[in-house]
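Notes follow the structure.
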Amino acid sequence: MNPPQLTPQAAGLDPAGLPQHVAVIMDGNGRWAKQRGLPRVQGHRAGMNTVRRVIRACGELGIPFLTLYAFSTENWKRPAAEVSFLMNLLLEFLRRELKEMNRQGVRLRRLGRRDRVPPRVLAQIDRAVKSTAHNQGLQVNLAFNYGGRREILDAVKKAAKARTPLTEESFGRHLYTAGLPDPDLLIRTSGEYRISNFLLWQLAYAEIVVSPVLWPDFGERELVAALAEYQRRERRFGGVEAVRLPQTVKRHA
Ligand code: FPP
């Protein structure tokens, strides 16, 4: 039997004060596995189930955008067997979940570079992006082979070629995240206080919530706790007055 539908009201959250965009650094898979005497990669496999749970929960809560840091440009430094496992895991996830993502109305987008990613993985991501392009529910941005510094450098190169007046807005259109609202909330699991080269430009005014829970153990309860913490924050964006962002965003992406 499916678990009951999660609603902001049932979760004790203010539906009008939910973040438009939640970004997540999914950390702690390796430690989760080590604590159980398992190989690190089993932590990633368990982490895949959390990805499924969090996508579903964000969709049910009506959050419009979720960005998941699935593989960084620095993760290539990991042992070849772990890198290969992560590539295959994404492939498996997309193959197995595509139908369910379509059922939930999830729209997938990829953020990151295509170089070095095995062609079969790229092809599967492209297939999933195309297949979900018309869905109207939660947009899941998969940051894969993503690095914030690299993204900024790539955008600088494009901006230089474009030769149009440079403003924060026009520069933003050269980033991988063009058309997306900046994240309102960054969640990092496993108790680490670092940004790790994630969305360096876009996180300028994000509220940061660090959960002590390791990613494979992160669930609906922890997500709701992070959202409740976000709702207790007062956002001033450098000013003195609390700012409440409008509820609906137009999708340009
Ligand atoms: C960080 O934990 C996690 C990663 C580098 C990979 C994230 C991958 C997943 C959650 C698996 C599935 C993803 C998708 C999208 C299907 P870590 O290995 O650095 O943990 P540690 O700090 O405890 O070693």
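We count ligands from 1, going down the list as the structure has it; atoms in each ligand are counted the same way.
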Does the side chain of W76 pick up a donor-acceptor pair with the side chain of N145 at under 3.5 Å?
-> yes

First locate atom OH of Y146, then atom CG of N75, and finally report the distance between them rounded to the nearest 0.5 Å.
-> 13.5 Å

Please identify which atoms of ligand 1 are closer than 4.0 Å to at least one heavy atom of R40.
-> 17 (P), 18 (O), 24 (O)

Side-chain donor-acceptor contact under 3.5 Å, N29 with H44 = yes

Where is the nearest protein heavy atom to atom 11 (C) of ligand 1: which residue, which atom, and how far?
-> H44 O, 3.5 Å

So which protein heavy atom does atom 1 (C) of ligand 1 come closest to, and at what separation?
-> M26 O, 3.2 Å

Exercise: do Q124 and E92 side chains pair donor with acceptor under 3.5 Å | no

Is there a donor-acceptor contact under 3.5 Å linking the side chains of T73 and R116?
-> no

Polar side chain donor-acceptor pair, Q139 to N141, under 3.5 angstrom = yes

Nearest protein heavy-atom contact for atom 14 (C) of ligand 1: which residue, which atom, what distance?
-> V51 CG2, 4.0 Å

Report yes if R31 has an N/O atom closer than 3.5 Å to an N/O atom of ligand 1; otherwise report no.
-> yes

So, does G28 sit close enough to ligand 1 that a heavy atom of it is under 4.0 Å from the ligand?
-> yes

Check each atom of ligand 1 against the heavy atoms of N75 and keep those under 4.0 Å away; list them by number with element.
-> 5 (C)

Polar contact flag, side-chain donor to acceptor under 3.5 angstrom, E222-S211 | no

With R36 as the cation and W32 as the aromatic partner, state whether NZ or CZ is under 6.0 Å from the six-membered ring centre and within 45° of the axis.
-> yes

Just jot down the ligand 1 atoms closer than 4.0 angstrom to any heavy atom of F93, in number order.
-> 16 (C)

For S190, does its backbone N or O pair with a side-chain atom of D27 as donor and acceptor, under 3.5 Å?
-> no

Determine, considering heavy atoms only, which of N29, L91, V83, V54 sits nearest to atom 8 (C) of ligand 1.
-> N29

Give, for atom CG of L175 and atom CG of L111, the distance between the pair rounded to the nearest 0.5 Å.
-> 10.0 Å

Under 4.0 Å to a heavy atom of G30 - the qualifying atoms of ligand 1, by number = 17 (P), 18 (O), 20 (O), 21 (P), 23 (O), 24 (O)

Is there a heavy atom of D27 sitting under 4.0 angstrom from any atom of ligand 1?
-> yes

May I ask you to list the atoms of ligand 1 that are less than 4.0 angstrom from any heavy atom of L89?
-> 11 (C), 12 (C)

For atom 6 (C) of ligand 1, grab the closest protein heavy atom and report residue, atom and distance to one decimal in Å.
-> A70 O, 3.5 Å

Near R78 (heavy-atom distance under 4.0 Å), the atoms of ligand 1 are 5 (C), 17 (P), 18 (O), 19 (O)

Under 4.0 Å to a heavy atom of W215 - the qualifying atoms of ligand 1, by number | 10 (C)

